[in-house]
Each structure stands twice: as structure tokens, then as C-alpha cells.
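Shown next, in C-alpha cells, is the structure this report addresses.
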Amino acid sequence: MVIITRFPPSPTGYLHVGGARTALFNWLYARHMNGKFILRIEDTDIKRSTQASVDAIFEALEWLEIDWDEGPFFQSRRFDIYQTYIQKFLDSGHAYYCICSQEKIDIMRKEAMAAGGKPKYDGTCRDKGLAKTSNAVIRFRAPATGTTIVKDIIKGSIVFQNSEQDDFIICRSDGTPTYNFVVVVDDITMGINTVIRGDDHLNNTPRQIMLYNALGSPLPAFGHVPMVLGKDRTRLSKRHGATSVTAYRDMGYLPDALINYLVRLGWSYGDQEFFTREELIEKFTLENIGKSPGIFDQEKLLALNADHIKAASPRNLSDHLLPFLKERGCIAEKGDFLDSVIKTLNTRSKTLIDMADGALFYFQENILYEEKAAKKFLKPVSLEAFKQLIDQLESLDTFSEKALENVFKKVMDDTGLKLGKIAQPVRVALTGKTVSPGIFEIIEVLGKKQVMSRLQNAVQFIKDSEV
RNA sequence: GGUCCCAUCGUCUAGCGGUCAGGACACCGGCCUCUCACGCCGGUAACAGGGGUUCAAUUCCCCUUGGGAUCACCA
């Protein structure tokens, strides 16, 4: 059997990390099983759905490099299909018109709640055989007795009493179908046989199973993954800080790192923490998904991002880094120079923002010294070392780490200064800061021309500040 | 409130009857060192509580407690 999964976001906002996680589970499972992954946009609620949200969802999925085999399907364009199914239900007696007012039902619910029971529709119109009227809704005639069992891949068998369910609405008075109904019709008509979704849908599942049964369709396999919670252990939401996928892109995270983190939150593969995209596809199975909700931990995501930055090839990283460099006004392009810049930075950057900031000095013609750095290290005592370095480097043709080390050694001997006393002033001269990659590394990457002019500028700066 | 789900270090988790309860993040030491990092070595830290079942329970069952989800003409 070919596994067919789907991701059905409703376009009422950006794609948040929780949604991305369920998308990921479905996508990974389909890829792992050599199946199909379908994207469906659930926009039956015309009032709340927006094109901007649709675009935002696509943007996020593309950045995550989650691709789909079919779709995107839009439910708003499938109303005729739902209509025929509703008619089928009406004809077979599985559904009926109801003219009870919302006010009346609200009161009913409140009374039931006050009496300690479950608020549900009492079935007033159930057997009245009402015809269609302008304000009528269509309700599903749900079985009143017996049980409905959800055989969940993750949670096991869960028994629901049918008496807990009421005759829910499948078609609104304005003629539009509702969620539980369209999901079932879509999943059936699209051939979905594996439904992996958030825990919050577990209570909807018995209703959907009733619909499958009424239609005589075989059930898909259900898997309800636990929620992602915020630090305060409530469902992750805006007040927990950044929750949109693209926000993480903008904060300098790598898509592979986010994916790794999100999947690992609630899924495990022994003690392994770091996974490439390919490894995830190879190793992801539903059996290893945990049952308990997980708290979204920014710290761990950050650490994982650092690991992915370290592991990525410079060439691969440049695609992701370039936008951040351009944003900072750097004239940079993919190539050997950028590769070597990245190599000096990747062990000391947790995000692409760190990396872009750290790379700034490579691209600046005129180095601006940080005030404190200049005050501490660009002083007359270093003048002699600077002069000797300039002389030595002038006669050096190839700037290899080895050769540079020898040059510094010589200057150390001649001036009697320790490496630290020379390296820090040089660092400030070359980068403007007291923190940077290794001194030999940056000299090599910067190249003779840049190094010479920056050293000379520093000498000039020291002389100028003397007077 | 009803229904449903869940429960191992602060966090993510391994464990699938017998383990000194393992790893990762974070935290704290130390080493390395031209700065900052990386890296390496070491440390603190958990089976929610109570009953069973069993020769033996973190592991199986029940209860309590705690947390979460859900009860719409939203999805």
C-alpha cells in the first residue's frame, strides 16, 4: 500500500512551529515510506481565511524545503463536491435540517453545563422531517448509543461513548460545509490513508469516524501527536515569543536545524540528537513518537543551530548567509573568498546573524575601531611591533598560516613581547574589535593588500592620537 | 464542570521486569589558548504519591495528585 499523508493548514495566520512540526511528521513519514504527501488549504471559513496567510504558509514550507506531491487543494473550490455528499446524507437519512435558533441552543448548553453535564444539542429537530428553509442548518444524525473506538498509532485504542456526541452541524445556514465534514470528504476523495495531526484533534476523531461509517468508507490510520507547549506549559502561542517559522529564518536559523529540533521534540532515535535531513527521512518512523507534550526550548534549538552551522559546507551556508550580509551592506558573493570567510566563523557562530556580524570586518574598507578596543590596544607601545610586522609581511609572498606564525615569532623575539601583546593590537587594527577568529586565519583570508593597509592605518591612528 | 490524553534530571529524551537509571541542552569546575569561540575531561541533577501483580518494579494494573487538550453555524 502506498502511504498517502497530508498537511491541511487553515490560512488564518502564519505557519507556526507547532503546525510545521505536524507538517514535518507527515512529510517525513511519506518520504520515508516512499509515499505521497498532499497539501490542502482548509479555507471553508471564508471570513477568517486570507490570501496573505496562504502566501505566508507557502513561504514557510518552501524555506523549510518541505515539498508536496499533490495540491495545494483549496477547500473553498470544492464546495460542489461537498454539496453532493451532503445531499447523499440527506437522502440516506444520515442528516437532517434543523431550525433551532442559536440563542436557544446557547441556553440549552448553559443549562447542561450548570447541571454538570456535557453541553450538547438535544435533537429537537431530529425526527421532524423538516424541509430546507433559509435559516436551517444541516445536522448529522449521530448514533446515540454504543461506542466509537479510535485506534491511534501513537496513543493506542481510545474508547468514546457515542452518548457523549451530539448531532453536530455539517452544513451552515449559509450553505457552507463545516470542518469535520469536509475533512472526511477530502480525506476519502484524496485517498488519504494516514492521518497524523495534533493531539487537539483527538476529540474530533470519533465524530469523523462516524462520518466514515455513514459513508461506508474504510478508516485511515490515525496518529495524534502531542502538542508543543510554551515555557509555562500551556499551548504554544504568540505570547511565548517567536512562534512563526519565518521568524526563525529571520533570526538566522538554518531550516535543517529547525527541522532537526522540531522532529526531535517528541520523537527520538536512541541517543542521537543531530540529524541531517536525509538521516531524518531514513530513520523517521511513527513508532518512535512520544506520548507526552513537549516544551519548546529555544536554548536547545540554538545549540542545535550552532551544530548545523558547524556541520554545513561553506558553499551550502553561503546561500543562507548572503541575505544577512547584504542586509548589512556587504558586497559579497558566493565563491572561494566567502567560503574561507565562513570557515573562520562557523565554529563561533550560533546563528547566521552572529556569523554575518562577525564577517563584517572582512568586507569593510575602512575599519572603525571600537572606542574601548582602540583605547586599550592601539597605543605607542605597540608601534615597534607594528612596524616590524609591516616590514616582515611586506617581504612575504604567500600568506600561509605557517609562514605567518614564523613572522610573528620573529617579531616576538625582536621586541620581547608575548604573542598576546602583539595579537590583540593587530586584531584591533584588522577588525576594529577585540574579538575575532584566530589572528593568523584572518590575516590569511584578508590577504596582503588589506592587511598592509589596515596595519598602516593603525600606525597612523596611534601617531595621531599621541598628539 | 463533562470527556479525552499525558507523567524519568530545570528542558528534550533513552529505557520496553533484574541498569551504579544512559545521552543531549542549560548550569558548575578543569584543560587547551593570540581574543571570543570550538574542542576535550569531569561534576550537580530525575523515575509525582499511594496501593496492588511479581522472587523482582522506573517498566504491568488501579487510585490519588499534577499538567494538557477539547466541549462553536473555528479549524
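Computation of the quantities below employed the complete heavy-atom set of this structure, encompassing side-chain atoms and omitting hydrogens, waters and symmetry-equivalent molecules. Keep in mind that what you see is a predicted model, and the values were worked out from it rather than measured. So you know, we letter chains A, B, ... as the sequences are listed, proteins then strands, and number each from 1.
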Measuring from the side chain of [X] (C-beta onward, heavy atoms only), which nucleotide among [options] has the closest atom?
| X | options | result |
| --- | --- | --- |
| F160(A) | C4(B), C34(B), C38(B) | C4(B) |
| R348(A) | G39(B), A37(B), A69(B) | A37(B) |
| T44(A) | G2(B), C36(B), A75(B) | A75(B) |

In whole Å, what separates the [atom1] atom of [N] from that of [M]?
| N | M | atom1 | answer |
| --- | --- | --- | --- |
| C62(B) | A7(B) | P | 13 Å |
| A48(B) | U3(B) | P | 25 Å |
| A14(B) | U53(B) | P | 30 Å |
| G50(B) | U58(B) | C1' | 16 Å |
| U65(B) | G49(B) | C1' | 7 Å |
| A45(B) | C40(B) | C1' | 22 Å |
| G30(B) | G66(B) | P | 44 Å |
| C61(B) | A24(B) | C1' | 33 Å |

So the salt bridge (charged side-chain N to carboxylate O under 4.0 Å, His left out) pairs with at least one residue in residues 137-152 of chain A (sequence neighbours excluded) are D127(A)-R141(A)

Strand partner of [N], provided both Watson-Crick or wobble distances fall under 3.5 Å:
| N | result |
| --- | --- |
| A7(B) | U65(B) |
| U54(B) | none |
| C20(B) | none |
| G1(B) | C71(B) |

Separation of L229(A) atom CG from C5(B) atom P, in whole Å? 17 Å

How does each nucleotide of nucleotides 43-48 of chain B score, in 5' to 3' order, for protein heavy atoms under 4.0 Å: base (B), sugar-phosphate only (S), or none (-)? ------

Walk along nucleotides 9-25 of chain B from 5' to 3' and tag each nucleotide B, S or - by protein heavy-atom contact under 4.0 Å, base first, then sugar-phosphate. --SBSS-------BBBS

Taking [atom1] in [X] as the centre, count heavy atoms belonging to other residues, nucleotides or ligands within less than 6.0 Å. Is the count above 12?
| X | atom1 | answer |
| --- | --- | --- |
| I99(A) | CD1 | no |
| I46(A) | CD1 | yes |
| Y269(A) | OH | no |

Checking all strands, does [X] fall into the base, sugar-phosphate, or nothing category for heavy-atom contacts under 4.0 angstrom?
| X | value |
| --- | --- |
| L202(A) | sugar-phosphate |
| T234(A) | sugar-phosphate |
| N204(A) | base |
| P437(A) | base |
| H201(A) | base |

Examine the side chains of T22(A) and R197(A) and answer whether a donor and an acceptor come within less than 3.5 Å of each other. no

Closest heavy-atom pair and its distance - [X], [Y]:
| X | Y | answer |
| --- | --- | --- |
| K433(A) | E370(A) | CG-OE2, 3.1 Å |
| D166(A) | A142(A) | O-CB, 3.8 Å |
| E273(A) | N260(A) | O-ND2, 3.1 Å |

Considering only heavy atoms from C-beta outward, does the side chain of F7(A) approach that of I66(A) to under 4.5 Å? no

Closest-nucleotide 5' rank along RNA chain B - winner of G156(A) and T347(A): G156(A)

Hey, is the side chain of R235(A) poking within less than 4.0 Å of OP1 or OP2 on U70(B), counting only N and O atoms? yes

Does C6(B) have its OP1 or OP2 closer than 4.0 Å to a side-chain nitrogen or oxygen of K291(A)? yes

So, taking the atom named [atom1] in [X] and the one named [atom2] in [Y], what distance separates them when rounded to the nearest 0.5 Å?
| X | Y | atom1 | atom2 | answer |
| --- | --- | --- | --- | --- |
| I41(A) | I57(A) | CD1 | CD1 | 5.0 Å |
| D354(A) | L345(A) | CG | CG | 9.0 Å |
| N180(A) | N204(A) | CG | CG | 4.5 Å |

What residues in residues 72-83 of chain A put a non-hydrogen atom under 4.0 Å from any atom of RNA chain B? none

Which parts of residues 135-148 of chain A get close to RNA chain B, meaning a heavy atom less than 4.0 angstrom away? V137(A)

Show the numbers, then the answer: is there a salt bridge (charged side-chain N to carboxylate O under 4.0 Å, His left out) between K155(A) and D199(A)? CA-CA 10 Å; K155(A) 313 245 185 206; D199(A) 228 348; 3.2 Å; yes

Given Y248(A), Y14(A), F296(A), the one that forms side chain to side chain contact (heavy atoms under 4.5 Å, CB included) with T243(A): Y14(A)

Residues forming a side-chain hydrogen bond (donor to acceptor under 3.5 Å, both in side chains) with N406(A), sequence neighbours excluded: none

